[in-house]
Amino acid sequence: MLTLQKAFVATRASGIFRAAPRVVRNTTASAAPKQQQQQQNQEQDDITTFMSGVVFEPMVAAKAELATVAQANAAVDSFARSAFHPECESAINEQINCEYNNSYIYHALFAYFDRDNVALPGLAKFFRDGSLEERGHAEKLMLYQNKRGGRISLKNILMPEMEFNHAEKGDALYAMELSLSLEKLNFSKLRELHAVAAKHGDAQMTDFIENDLLAEQVEGVKQVSEYVSQLRRVGKGLGVYQFDRSLA
């Protein structure tokens, strides 16, 4: 800002004194913009510091986890375990056991339909593939358990029945209805497993169950439901023979 300061100048022509303006810089007013500029520069520096991530110090933040790793016993503890609740670990072991039991029952069904006095190779193949699929699910869960740093605990597998000939329904329909009940039971168990993961806020585990297990299980329930409907329609005898050929 510029101000006018009066200076008295003698004018010979008039013989009088007249006030003539003289421009002088106001140092007090000019200091204000400087302080404002300094404040703006400081605010900009603060924003730059925050955005550049200097505020976040990873070495400080990782100290707690580093202490956990340093104290871990390699013989019994997992280095990979992170935010994995013991209840999730236990629930996965329960599901592994369920998958193996289903696989065992399907293997018994395969052995039955492969007999020479039953001789339904299509159904034998279907249940053999089902047994391998259920075992594959168990192994997938075991791999996931190890990946998350859990410990696998295998349990007893119950001995299944070996005779599947039903007096009214026949062996094919009875076996397929048994398969449908197992598929629905497994779907229910997977939902319970998902609920445990959701309860403890384990987003990664819920994603694994949804994409790798539940989606496929829904398809399995639909397929076996259709087979039950078809076998109920064809009855026993020749209809079962034709159905079996479609599976071979």
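FYI, side chains are in, hydrogens and waters are out, and symmetry mates aren't considered; it's all heavy atoms of this structure.
Aromatic rings of F110 and H107 (six-membered ring for Trp) have centroids within the 6.0 Å cut-off, being under it. A distance of 6.0 Å or more separates the ring centres of F126 and Y106.
Between the side chain of D244 and the main chain of L123, a donor-acceptor pair closer than 3.5 Å is present. Judged by distance alone, the side chain of R81 and the main-chain N or O of F84 form a donor-acceptor pair under 3.5 Å. In terms of modelled atom types and a separation under 3.5 Å, the side chain of S90 and the main chain of P86 share no donor-acceptor contact. A donor-acceptor contact shorter than 3.5 Å is absent between the side chain of S188 and the backbone of K184. Of the possible polar contacts, one joining the Q217 side chain to the E183 backbone as a donor-acceptor pair under 3.5 Å is found.
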Next on the checklist: Could you walk me through whether I92 and R148 satisfy the side chain to side chain contact (heavy atoms under 4.5 Å, CB included) test, starting with their C-alpha distance in whole Å, then the side-chain angles of each, then the deciding distance to 0.1 Å, before giving a yes or no?
Outcome noted: CA-CA 11 Å; I92 288 176; R148 290 298 301 274; over 6 Å; no

Item to check | Candidate pair Q242 and V234, rule side chain to side chain contact (heavy atoms under 4.5 Å, CB included), full reasoning | outcome: CA-CA 9 Å; Q242 293 292 342; V234 301; over 6 Å; no

Item to check | side chain to side chain contact (heavy atoms under 4.5 Å, CB included) between F187 and E192, worked out | outcome: CA-CA 9 Å; F187 178 66; E192 291 175 7; over 6 Å; no

Item to check | Step-by-step side chain to side chain contact (heavy atoms under 4.5 Å, CB included) determination, V118 to D114 | outcome: CA-CA 7 Å; V118 179; D114 191 56; over 6 Å; no

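Side-chain atoms of V224 and M176, non-hydrogen and from C-beta on, do get closer than 4.5 Å to each other. In this structure, L158 and Y104 have side chains that are not in contact, with every pair of non-hydrogen atoms separated by 4.5 Å or more. You'll find the side chain of E139 stays beyond 4.5 Å of the side chain of E99, heavy atoms only. In this structure the side chain of E134 never reaches within 4.5 angstrom of the side chain of C98, judged on heavy atoms.
In this model, no donor atom of one side chain and acceptor atom of the other lie less than 3.5 Å apart for N93 and N97. A donor-acceptor contact under 3.5 angstrom links the side chains of N186 and Q95, judged on distance only. Side-chain contact, Q145 with E89: no donor N or O sits under 3.5 Å from an acceptor N or O.
Residue S229 holds its OG atom at 7.5 Å from CD of E226, rounded to the nearest 0.5 Å. Going from atom SG of C88 over to atom CE of M205 covers 4.5 Å, rounded to the nearest 0.5 Å. To the nearest 0.5 Å, atom CG of residue L132 and atom NE2 of residue H137 are 11.0 Å apart. Rounding to the nearest 0.5 angstrom, the gap separating the NZ atom in K147 from the CD atom in Q204 is 7.0 Å.
Residue N156 qualifies as open at atom CG: its count of foreign heavy atoms under 6.0 Å is 12 or below. More than 12 heavy atoms of other residues, nucleotides or ligands lie within 6.0 Å of CE in M162, so this atom counts as buried by the packing criterion.
Y144 and F208 have parallel rings, their planes meeting at less than 30° on a 0 to 90° scale where 60° marks the start of perpendicular. The aromatic rings of F113 and F127 lie parallel to each other, their planes meeting at an angle below 30°, with 60° marking the opposite boundary. Between Y174 and F164, the ring-plane angle classifies as tilted under the 30° and 60° cut-offs.
Residue V221 comes nearest to S225 through the heavy atom pair O-OG, 2.7 Å, listed as atom of the first residue, atom of the second, then distance.
L180 and L247 fall within the same hydrophobic cluster, defined by Ile, Leu, Val, Met, Phe, Trp and Tyr side-chain heavy atoms under 4.5 Å apart, directly or through other members. Using a 4.5 Å cut-off between side-chain heavy atoms of Ile, Leu, Val, Met, Phe, Trp and Tyr, with links allowed through other members, Y241 and Y227 fall into different hydrophobic clusters. Note on L143: it does not cluster hydrophobically with I209, by side-chain heavy-atom contacts below 4.5 Å among ILVMFWY residues. Residues L185 and L190 are members of separate hydrophobic clusters, defined by side-chain heavy-atom contacts under 4.5 angstrom among Ile, Leu, Val, Met, Phe, Trp and Tyr.
The pair E177-R232 counts as a salt bridge, with a side-chain nitrogen and a carboxylate oxygen less than 4.0 angstrom apart. By the 4.0 Å N-to-carboxylate-O rule, K236 lies too far from E168 to be salt-bridged with it. At a threshold of 4.0 Å, the pair K199-E87 counts as salt-bridged, since one of the basic side-chain nitrogens sits closer than that to a carboxylate oxygen.
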